[in-house]
Protein chains: 2
Amino acid sequence: MAENNALELNLGLGNNFGGHVGQSPRQRCPAPFLLKTYDLLEEGEAENSTKIVSWNEEGTGFVVWSPAEFSELTLPRYFKHNNFSSFIRQLNTYGFKKTSSKRWEFKHEKFQRGCRHMLGEITRKKCEPSVFPAYLKSSSEENATSSTEENNQQQQQQQLMEENKNLKKERLELQMQIDECKALEMKLMACLSQYMETTQNKVRRLC
Amino acid sequence: MAENNALELNLGLGNNFGGHVGQSPRQRCPAPFLLKTYDLLEEGEAENSTKIVSWNEEGTGFVVWSPAEFSELTLPRYFKHNNFSSFIRQLNTYGFKKTSSKRWEFKHEKFQRGCRHMLGEITRKKCEPSVFPAYLKSSSEENATSSTEENNQQQQQQQLMEENKNLKKERLELQMQIDECKALEMKLMACLSQYMETTQNKVRRLC
DNA sequence: GGGAATATTCCC
DNA sequence: GGGAATATTCCC
């Protein structure tokens with residue numbers, strides 16, 4: 001019975017409001033990823049044991065000193081995974097840059113020690129909604145032309161480009177497969193001819 | 001000697017491809033979500049303790065008997081969360097229907113007991129890429145309109161279609177080449193193995 | 001690095 | 001139920 005209620009509550013919670021309604025929906029509360037990454041650095045500050053991850057000296061970026069421990073110990077406490085590469089994928093999504101070839105240091109202009117309030121200004125890089133070259137995009141205001149058809153056509157074009165891309169990928173794969181086949185063929189041939197020779201010799205010798 | 005050859009052959013074969021190349025790239029391996037959900041039901045079958053989740057009597061759908069336990073115990077072993085509502089969100093994404101108001105029963109035509117092989121036919125509902133009704137798509141031929149841009153775009157589109165057609169033709173040719181290669185490979189193999197046998201016999205006889 | 005598919009969350 | 005944002009994975 002209690003379990004039943006708990007269930008209802010869980011499902012029911014979906015109906016409340018976030019409270020952001022009246023505000024500009026953009027750039028208000030920082031993305032969870034940013035908050036977690038920031039917090040995880042704060043937590044590190046408190047410790048004085050071996051550093052796994054920390055702000056850099058100037059507080060203008062952070063360094064993952066031990067990626068292995070970071071992945072295994074830190075990540076799963078903040079995220080739903082323990083993959084360093086997924087973490088980096090997120091950093092890239094939010095526009096962080098790797099700033100050293102010697103260590104795992106990442107920076108973002110708006111991600112600095114002591115500046116939790118700036119996190120809200122960091123936004124995801126948007127995935128370009130279309131692939132059309134710029135010159136097709138710029139001159140789209142004097143369109144008295146029915147934009148629906150144009151959109152339609154753009155859509156078609158997008159599809160074509162997609163298919164095209166896939167076909168090229170397929171072609172590459174097929175070509176590679178052929179190369180493999182050819183290589184194998186050569187080996188087989190060599191093998192066969194070698195066999196024939198050996199046999200001849202053996203037979204000759206035995207005769 | 002024979003072993004050596006066998007080894008070489010094996011090495012050559014080791015580099016082969018996934019094999020899906022020539023096939024339609026869609027609808028092959030089932031989405032992880034579907035596999036996990038299916039497996040989680042199989043696992044349930046084995047037990048004869050209190051049922052948390054199971055196939056329905058006919059095997060045409062499944063029932064979550066205890067959502068609370070399911071969320072707390074089952075979900076986190078298969079997914080990165082323990083929210084019943086996230087699970088249901090996924091079910092909806094893949095087109096499952098809740099089929100009873102009295103219990104948490106879900107069905108999908110292609111999701112049935114003993115039919116793991118059908119899972120590949122279940123696809124995500126696509127988020128409609130555009131909002132245009134179908135009737136807008138058909139009427140795109142009587143465009144005498146001559147905005148240079150439109151022409152430009154149409155030209156591009158034409159080129160794309162052309163390239164597309166050629167790529168498909170190429171694909172077919174490549175596929176045929178591969179088939180030939182494969183056939184030859186088989187022949188060579190057969191030839192080689194026959195040779196090996198014959199040799200053995202000859203040598204034996206001569207000894 | 002980043003595109004794109006899938007998963008998870010949040011909200012309507 | 002489902003749209004849409006964010007997260008995670010997979011792949012180039």
Side-chain angles (χ1 to χ4, degrees), chain A residues 10-21 23 25-37 71 75-76 78-99 101 104 106-108 119-120 122-131 158-159 161-163 165-166 168-173 176, chain B residues 17-18 20 25-37 71 75-76 78-99 101 104 106-108 119-120 122-131:
Chain A
N10 274 338
L11 290 172
L13 278 173
N15 287 339
N16 66 354
F17 284 69
H20 298 302
V21 173
Q23 307 167 2
R26 309 273 160 86
Q27 266 150 318
R28 280 303 80 190
C29 84
F33 170 75
L34 299 169
L35 288 171
K36 289 177 183 177
T37 304
S71 305
L75 284 181
Y78 288 87
F79 306 99
K80 289 176 180 290
H81 66 84
N82 59 358
N83 304 310
F84 195 47
S85 53
S86 290
F87 179 70
I88 289 177
R89 184 73 196 84
Q90 282 284 68
L91 289 177
N92 286 325
T93 297
Y94 285 96
F96 284 73
K97 293 294 174 200
K98 190 167 183 298
T99 49
S101 59
W104 292 99
F106 300 92
K107 290 186 184 173
H108 186 294
L119 298 182
I122 302 177
T123 57
R124 288 168 79 88
K125 289 194 228 168
K126 30 205 144 296
C127 50
E128 288 301 316
S130 89
V131 212
Q158 194 133 17
Q159 278 174 8
M161 287 172 76
E162 179 74 17
E163 197 179 353
K165 203 182 72 182
N166 288 334
K168 281 180 182 163
K169 193 174 145 202
E170 260 192 87
R171 178 174 60 179
L172 194 63
E173 284 167 347
M176 284 173 70
Chain B
F17 285 66
H20 295 302
R26 308 270 160 90
Q27 266 151 318
R28 282 302 80 190
C29 85
F33 170 75
L34 298 168
L35 289 172
K36 289 177 183 177
T37 303
S71 305
L75 285 181
Y78 288 88
F79 306 99
K80 289 176 181 289
H81 66 84
N82 59 357
N83 305 309
F84 195 47
S85 52
S86 289
F87 178 69
I88 290 178
R89 184 72 196 84
Q90 282 284 68
L91 289 176
N92 287 323
T93 297
Y94 284 96
F96 284 73
K97 294 295 174 198
K98 189 167 184 298
T99 49
S101 58
W104 292 99
F106 299 92
K107 289 185 184 174
H108 187 295
L119 299 182
I122 302 178
T123 57
R124 290 167 78 89
K125 289 195 228 169
K126 32 204 144 296
C127 48
E128 286 301 317
S130 89
V131 211

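Protein chains get the first letters and strands the later ones, always in sequence-line order, with residue 1 at the start of each. A quick note: this is a predicted structure, and the numbers were derived from the prediction, not measured.
- Across the protein-nucleic acid pair, A/R124 atom CZ and D/dT8 atom P stand 10 Å apart, rounded to whole Å.
- Atom NZ of B/K36 and atom C1' of D/dT9 are 10 Å apart (whole Å).
- In this structure, the CZ atom of B/F79 is 7 Å from the P atom of C/dT8, given to the nearest Å.
- Interatomic distance, NZ of B/K97 versus CG of B/N92, reported as 7.0 Å (0.5 Å rounding).
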Which side-chain N or O atoms in residues 82-90 of chain A pair as donor and acceptor under 3.5 Å with protein atoms at least two apart or in another chain?
unit_1, atom_1, unit_2, atom_2, d
A/R89, NH1, A/T93, OG1, 3.3

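- With values rounded to the nearest 0.5 angstrom, A/L119 atom CG is found 14.0 Å from A/K36 atom NZ.
- Here the nucleotide nearest the side chain of B/P32, chosen from D/dG2, C/dT9, C/dT6, is C/dT6.
- Looking at every heavy atom in both residues, B/P76 comes nearest to B/S71 through CD-O, 3.1 Å.
- Closest approach of B/P30 and B/G120 over heavy atoms only: CG-N, 3.7 Å.
- If you measure from atom CZ of B/F84 to atom P of D/dG1, you get 12 Å, rounded to the nearest angstrom.
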Annotated structure of DNA chain D as dot-bracket, pair cut-off 3.5 Å, Watson-Crick or G-U only, | for inter-strand, is ||||||||||||
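- For C/dT9, the OP1/OP2 oxygens have a side-chain nitrogen or oxygen of A/K80 closer than 4.0 Å.
- Residue B/S86 places its side chain closer to C/dT9 than to any other of D/dG2, C/dA7, C/dT9.
- A/H108 NE2 to A/T99 OG1: the interatomic distance, rounded to the nearest 0.5 Å, is 12.5 Å.
- The stretch residues 90-98 of chain B touches DNA chain D through B/N92, B/K98, each having a heavy atom within less than 4.0 Å of the strand.
- Under the rule for a ring-ring contact (aromatic ring centres under 6.0 Å, His included), the partners of B/Y94 that lie at least two apart in sequence or sit in another chain are B/F33.
- Separation of atoms OG1 (B/T37) and CZ (B/F96) is listed at 6.5 Å; rounding is to 0.5 Å.
- Rounded to an integer number of Å, the gap from A/Y78 OH to C/dT8 C1' is 21 Å.
- Under 4.0 angstrom from either OP1 or OP2 of D/dT9 there lies at least one side-chain N or O belonging to A/N83.
- Between B/R89 and C/dC10 there is no side-chain N or O to OP1 or OP2 distance below 4.0 Å.
- The nearest whole Å value for the distance from the CZ atom in B/F87 to the P atom in D/dG1 is 14 Å.
- Between the C1' atom of C/dG1 and the NZ atom of A/K125 lies a distance of 7 Å, rounded to the nearest Å.
- Separating the CG atom of B/L75 from the P atom of C/dA7 is a distance of 14 Å, rounded to the nearest angstrom.
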